[in-house]
Amino acid sequence: MASLPYRDNTSRPSNYGRGGDDDEDEDEEEADESGFKSSKDAVLFAIDVSESMLTRPTDGDEKKSDAVLSPTLAALKCAYALMQQRIMSNPSDMMGILLFGTEKSKFQEGDEETGRGGLRYPHCYLLTDLDIPAAADVKQLRSMVEEEEEAADLLVASKEEVSMANLLFCANQIFTTKAPNFSTRRLFLVTDNDFPHASNRDARNSAAVRAKALYDLGVTIELFPISHPDRGYTFDRSKFYNDIVYSASPSDPDAPAPLTADIKPASSTAKDGISLLQALLSSVASRSAPRRSMFSHMPFEIGPGLKISVKGFILIKRQEPKRTSYIYVPPDSDKPQIVTGVGQLVADDTARTVEKAEVRRAYKFGGETVSFSDAELAKIKNFGDPVIRIIGFKPLSMLPVWAQPKQNYFIYPSEEDFVGSTRVFSALHQKLLRDQKMAIAWFIARRNANPTLIALIPGREQRSDGGEQIMPPGLWIKHLPFADDIRAPPETEMVKAPDPLIDAMRTVVQQLQLPKAVYDPGKYPNPGLQWFYRILQALALEEDLPEKAEDKTLPKWKQIHKRAGPYVVEWGKVLEEQYRVWQKENDRQPRIMANGGAKRAGGAAPAASNGRSAKKAKADDGGDAGEGGITDAEMRAAFAKDAVGKFTVADLKGWMQGKGIKAGTKKAEIVDAVNGWHETKMETD
Amino acid sequence: MASKEATVYIVDCGSTMSERSHGRKQTNLDFALEYVWDRITATVATGRKTAMVGVVGLRTDGTRNDLEGEEDYAHITVFQDISQMLMSQVRKLRNDLVLSSTEGGDAISAIIVAIQMIAKECKKLKYERKIVLVTDARGPMQTDDLGDIITKLKEDDIQLVVIGVDFDDAEYGFKEESKDATKAENEAGLKQLCNDCGGAFGTLVQAVDELGIPRVKSTKPVPSYKGFLTLGNPELYESAMAIDIERYPKVMAATTPSASKYVVRSDMGDATQSNMTMNGEDGQNGSYDGLAAVKNAMTYQVEDTNAPGGKRDVDRDELSKGYEYGRTAVHIAESDRNVTTYETTPGLDVIGFVDKNQYERYLDMSRSNLIIAQRNNEKASMALSSFIHALYELDSYGVARLVPKENKEPRTILLAPIIEPDFECLYDIELPFAEDMRSYKFPPLDRVVTVSGKEIEVHRNLPNDDLQDAISDYVDSMDLSTFGKDDEGASTEYMPMDETYAPMLHRIHQVIKHRAVFADAEPPPPYEILTRYSHTPDELVRKAQPALDRVLEAANIKRVPHKARGRRGRKEAPKPLSELDIGALLAQDPKRKHKRIDPKNAIAEFRQLIIQAEEDSAVRDACTQLKNIVFEWIRHSVGNSGYGRALEAIRVLREEMVDLETPAIYNEIMQELRTKLLAGDLGEGRGEMRYHVVTKKLGLIKASDLPGGATDDEVSKWRAAG
């Protein structure tokens, strides 16, 4: 219980009172990449509410409700979607929504009372103040996008042009007061007006000055421009926006120029079947996570004396569902409260408070401890400075498919320490791609981190049909397992399939290629995670709980049956024949081992044609369990006779595995669990 | 579970072991103990109660053994009966295993004592039995008529290992010249004994040498899934395939021992005296070494506007479980605990097949497993074999959905076939889901795309033909695929994975084992093999040098001089995409004429003043202005509401001062801040603000980081509260 996390403490604005985390902690024994950098992101959506932004597209497909959204509403929907997503995936990040060009004006809560907010930032309406969203914010936004009356009142364009300088300063103040010291702060600007203050150079210049202030403050402006092909209007950045958008993001001065070619102005008409909303969503999605490096200034030693610098990123990382936290339900209210925990180091024997300086590190050994001074430990763990050092090269084919102890990192050159890094990296990247080679390297990620051996494999740039980059070019760090990490396979006897059987299976495989013969992760949302998100959201927003989960990882049974079914049946027949031949040749009793193998392969098991599970089919064969353990049929029979206890603990455990039955270690408990399992099964049967 | 073990070490402590042979600095006994201690401490490190050790001293001054009545068994002392070895025993043995002043004591008798010890302890139970004799073979030995011993060793299935100080070993390549005649005779006798009973016989140099090659712990395979591999749905369709399979981990990172947190017990005086006391008393639960475990005690708080400080402590018992949905807490009652679980049934279902050659290896996630047919199920084996071969022949991989246990979250995995002469299986690796992909964009590496969308082929960031050629030659000349040598001396792969060892894992084991025995000694240097693969082998470097020289020339890499980035005047003001000169616009701005920082826009205007500053006085003025603004923020902060802004401004101030290499200005301001905070000049109860300044790396700029910075003494004074 003591280890139950209340909240990732690095994400808390205040760490005050904790054990003290001054200077770099050298204790990185269990540190994984999460230890590299903890950072928070704040996104403020600024959505234009002009007449043209409120106009629905004329040629939209009326049947699709998405296609007839006004650009403003599409942007709001997009913000709503992003808020729902970020509240789950980035629980400590902030978000806000600012409408501009509205008839009404509203600023932060405190200002409203004095009525000054409206005066200070006319035609800016702060719909959701910048903060970690709460359920109420999501609900408010939901009613905006789902109930037109709600929105109609607010979504009225001002007759007077909003001052861009003022808007930018308004954003500046929101970031300054609500999200100080955030590692990334971004203004998402959605508009279809490429030339505000068209006739007023001074106004444009003041906007440019205010934009510079945002840049100096460390705020990045991300532009989401909208074109209207139906009105013959194409958004032109050069008129105004190139004066307020900067190439390098201030928090990451070395970031390459934005791939402007990739950011197509979203179209308000659904000409190519993609609605404005979809285009906006995908554009926002691709920029929703601020790019953060996992390590930078990393020396990349390609050879003795040949050193360049690179940055490392995590491009693929398993998104895990949230862990439970402690919450407090006050006795006099049903409104639960978030609990913050404060940790304090105490000695186990006397429970006295311990200062960090007193803490020593020791290893358990032989019933006692073996200890080292900090200086000794630092020396022991020191295998040199952080580096990626190439030892040599091997063909990619020498990297076995199973060599995968942990997730991969991505590296990309940086000119920050060595001018010329990019061109050398590029040459190496091209060579490795061309010859399908990999570099083998020695890698120390941080000071005193575990040294590892890695393969650097080249990754080709990939773009979608629309020209959008989906995979960047660079080198991937693939950790290599050490001898210590490689497990031996269990002892087993192999029976090689005879050629006719392989031929039959080959036909099956050929029927079932995935589209383009590749695995596209984008097509498979994590069903468990999505289910968790939906439930949590329903609970938080007091919605009805969903009945059924959407699971795209479930195979398309019907298609498989239609396309490959006959061939599988054929394979099943061949298997029966070949297996009989094999038994004869190897002098085996036909019945004894008959319970295994491929079941339900069409005519192979006609007795089991009642459409139930393969497990039942196995029961019908009724063979001897042999070393393979207890069959379901045997267990069921034993259960019926109340004789589950006749099996050994090892056999019972073997059978329980795969059924997901849990029990203690005592035999009585295990027998109870097995009996219990059968009882519930009987009820549902 | 590993099987039970009983090992008896017989250590020769005779007076001849005091010699320092063959130019070694340590005595032969210390040399022998290097081996013995390594083996014993390796056993201690496992922490297994069933890994038992006995220790017998040979040629000791005293005599203590079960057969001590007989003359033949004199000068043999049982130092430790077969039992689990703990630190206290290690300490005791340290005092026991010392040089004696006798030459008497028969090694063969010692072996008999050891056999008796094992027989007594292990009876007829299942044990791995082993006797390890380390000797210089210079004591008297009755080597005739060893038949009974050989029979007994074989009968009880005891493995005998004899390791001799400077024994000859042709295979290892060691021969002792001018060997003492007794020794030669004894050596031959022991060798014969080992041959006859199927034991092992070796020379100590080799044994000590091989201590540097880490032993890999083998783990019993435990299935990570047992069930069917299905294609199609057997519940719905007749045409579905189901094969009984088992899945086992293939790669699983071995864990490095981790240190726990301790504190010196309050009832113990000397903090440095941790684990060395000479008498062998038994310590319980780590209390012996004077350390108490440290744990993290949690207190819990909720916001309460009525409470002082806005927060109120709540007891752990009052808390329930739930989730955070943004700022909103969601309570999940005990009875609804399963509501967030996505219900699944175990299974491994094929989704479809992909082209092996189009599969991008970087998609691999997490650890790999292997899939074989259910054991002892030949039909399943044959069925799976056809699947493996079909994938192999079609250059395809399978993609499948795996639920290893009931109600576990489904994963998508890649199924890759492998066919070896007597082994075939599917390897599987987890694949990413949509949520796991982060779309970060990076410019192309083979061309430069400008802001206007133009593609350029010649650019300083792109390699020219010379560089491309040079790199290509270099990569080819640094080939490792044939650089290694196998046992026969033929070319083979250099540093294959099964010859590389986790450096930190074995390093930590090494120093713990060493410290356990030699508490006062410096930790030894790492084994050579742990750092062997941290550099390219010299021979290869020499071979590749000409190509490397060409790369260096063509690459023309220049290190960015330290701090060159920031010097005043050299830094170019950032420009927007249009390259509009914002500086000029700012200069025209009447509001900025007086160079007064607007507190509302403090950070931006401060940065702008700094970049425009032409004299030190202007820099100093800007800093003073920002300082005053920061002080105001702190003074007017309600609780900690103004701290964030203040900290941000201090961070920016520090960055700019480091860039300008003017640490003194920053340090002065921080000294003033410290004084004011401690004196309460910026309001009462500003302890939290001070805590942040001290802990968030905003302290004084040190002289070691930047010339003109603060001394270590000043830094620690500044950090101190008093």
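Computed from a predicted structure; not experimentally measured.
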Turns out that what part of B/L370 lies under 4.5 Å from chain A's heavy atoms comes down to side chain

Applying a strict 4.5 Å limit to non-hydrogen atoms, the region of B/P432 in contact with chain A is both

So, the part of B/I372 with a heavy atom under 4.5 Å from chain A: the answer is side chain

Heavy-atom closest pair (B/M478 atom, A/I391 atom, distance to 0.1 Å) is CE-O, 3.7 Å

Separation between CD1 (B/I582) and CG (A/D243), nearest 0.5 Å, reads 6.5 Å

If one checks every heavy atom of B/V511 against chain A at 4.5 Å, the contacting part turns out to be both

Bottom line for A/Q430: the part with an atom under 4.5 Å from chain B's heavy atoms is side chain

Cut-off 4.5 Å, heavy atoms of chain B, and the answer for A/Q173 is side chain

Sequence neighbours excluded, the answer for salt bridge (charged side-chain N to carboxylate O under 4.0 Å, His left out) partners of B/D349 is none

From the list B/V551, B/T412, B/L540, the residue making the most non-hydrogen contacts under 4.5 Å with chain A is B/T412

The interface call for B/V294 against chain A, heavy-atom contacts under 4.5 Å, is both

Applying a strict 4.5 Å limit to non-hydrogen atoms, the region of B/I429 in contact with chain A is side chain

Under 4.5 Å to a heavy atom of chain A? For B/S218 that would be neither

When rounded to the nearest 0.5 Å, the distance separating CD of B/Q358 from CG of A/L514 is 11.5 Å

task: Determine yes or no for a side-chain-to-main-chain donor-acceptor pair under 3.5 angstrom, with B/R375 supplying the side chain and A/T492 the backbone.
output: no

task: Report the relative orientation of the aromatic rings in A/Y412 and B/F442; use parallel for angles under 30°, tilted for 30 to 60°, perpendicular for over 60°.
output: tilted

If you tally heavy-atom pairs under 4.5 Å between each of B/A604, B/A254, B/S481, B/P503 and chain A, the highest tally belongs to B/P503

So, the part of A/I457 with a heavy atom under 4.5 Å from chain B: the answer is side chain

Exercise. When the ring centroid of B/Y323 is compared with that of A/F532, is the distance short of 6.0 Å?
Worked result: yes

When the 4.5 angstrom heavy-atom criterion is applied to A/W557 and chain B, the contacting part is both

Per-residue tally against chain A (heavy atom, under 4.5 Å) across B/T536, B/L445, B/D446 peaks at B/L445

Turns out that what part of B/V475 lies under 4.5 Å from chain A's heavy atoms comes down to both

Checklist line | Flag, side chain of B/E435 to backbone of A/N526, donor-acceptor distance under 3.5 Å | finding: yes

Between A/I338 and B/G326, the two heavy atoms sitting closest are CD1-O, 3.9 Å

Okay, A/I560 and chain B: the region with an atom under 4.5 Å from a heavy atom over there is side chain

Bottom line for A/A135: the part with an atom under 4.5 Å from chain B's heavy atoms is both

Between the OG atom in B/S258 and the OH atom in A/Y363, the distance rounded to the nearest 0.5 Å is 7.5 Å

| request: Output yes when a side-chain donor or acceptor of A/R423 lies under 3.5 Å from a complementary backbone atom of B/N556, and no otherwise. | output: yes

All heavy atoms of B/G644 vs all of A/N181, minimum pair found to be O-ND2, 3.7 Å

Sequence neighbours excluded, the answer for side-chain hydrogen bond (donor to acceptor under 3.5 Å, both in side chains) partners of B/S385 is B/E424

Heavy-atom nearest pair, A/R361 first then B/A259, reads NH1-O, 3.7 Å

The interface call for B/V541 against chain A, heavy-atom contacts under 4.5 Å, is side chain

Rounded to the nearest 0.5 Å, the NZ atom of A/K212 sits from the CZ atom of B/R607 at a distance of 9.5 Å

message = If we count only N and O atoms by modelled type, under 3.5 Å, do the side chains of B/Q608 and A/D216 hold a donor and an acceptor together?
response = yes

With chain A, the option among B/S578, B/A390, B/G352 that has the most non-hydrogen atom pairs under 4.5 Å is B/S578

Answer key: most heavy-atom pairs under 4.5 Å with chain A among B/L552, B/V90, B/L586, B/V302 is B/V302

Distance col, row A/Q404:CD vs B/R361:CZ, nearest 0.5 angstrom, shows 8.0 Å

Highest number of heavy-atom pairs under 4.5 Å with chain A among B/D364, B/I557, B/L548 belongs to B/D364

Okay, A/K437 and chain B: the region with an atom under 4.5 Å from a heavy atom over there is side chain

Worksheet item: Taking the side chain from B/D436 and the backbone from A/Q319, do they hold a donor-acceptor pair closer than 3.5 Å?
Response: yes

Closest non-hydrogen contact found for A/P451 with B/M504 is CD-CE, 4.0 Å

Between the CD1 atom in A/I380 and the CZ atom in B/R515, the distance rounded to the nearest 0.5 Å is 7.0 Å

When the 4.5 angstrom heavy-atom criterion is applied to B/P221 and chain A, the contacting part is side chain

Side chain to side chain contact (heavy atoms under 4.5 Å, CB included) with B/T500: of A/D484, A/L453, A/D485, A/L480, only one passes, and it is A/L453

Cut-off 4.5 Å, heavy atoms of chain B, and the answer for A/H561 is both

**Request:** Check whether any side-chain N or O of B/S239 sits under 3.5 Å from a backbone N or O of A/G565 as a donor-acceptor pair, and report yes or no.
**Result:** no

Between B/L577 and A/Y246, the two heavy atoms sitting closest are CD2-C, 4.2 Å

If one checks every heavy atom of B/A293 against chain A at 4.5 Å, the contacting part turns out to be both

Note to self: Please report whether the ring centroid of A/Y328 lies less than 6.0 Å from that of B/Y300.
What the structure shows: no

Okay, A/I327 and chain B: the region with an atom under 4.5 Å from a heavy atom over there is both

**Message:** Could you tell me if A/T369 and B/Y262 have a donor-acceptor pair between their side chains, going purely by distance under 3.5 Å?
**Reply:** no

Surrounding CZ of A/R506 (heavy atoms of other residues, nucleotides or ligands, distance under 6.0 Å), is the total greater than 12? yes

Exercise. Can you check whether B/Y362's main-chain N or O pairs, donor with acceptor, with A/N408's side chain at less than 3.5 Å?
Worked result: yes

Honestly, the part of B/Y427 sitting under 4.5 Å from a heavy atom of chain A is side chain

Turns out that what part of A/V424 lies under 4.5 Å from chain B's heavy atoms comes down to both

Check: Counting N and O atoms only, with roles assigned by atom type, does the side chain of B/S368 sit under 3.5 Å from a partner on the main chain of A/W402, one being a donor and the other an acceptor?
Finding: yes

When the 4.5 angstrom heavy-atom criterion is applied to B/E409 and chain A, the contacting part is side chain

Honestly, the part of A/F365 sitting under 4.5 Å from a heavy atom of chain B is both

So, the part of A/I308 with a heavy atom under 4.5 Å from chain B: the answer is side chain

So, the part of A/I440 with a heavy atom under 4.5 Å from chain B: the answer is side chain

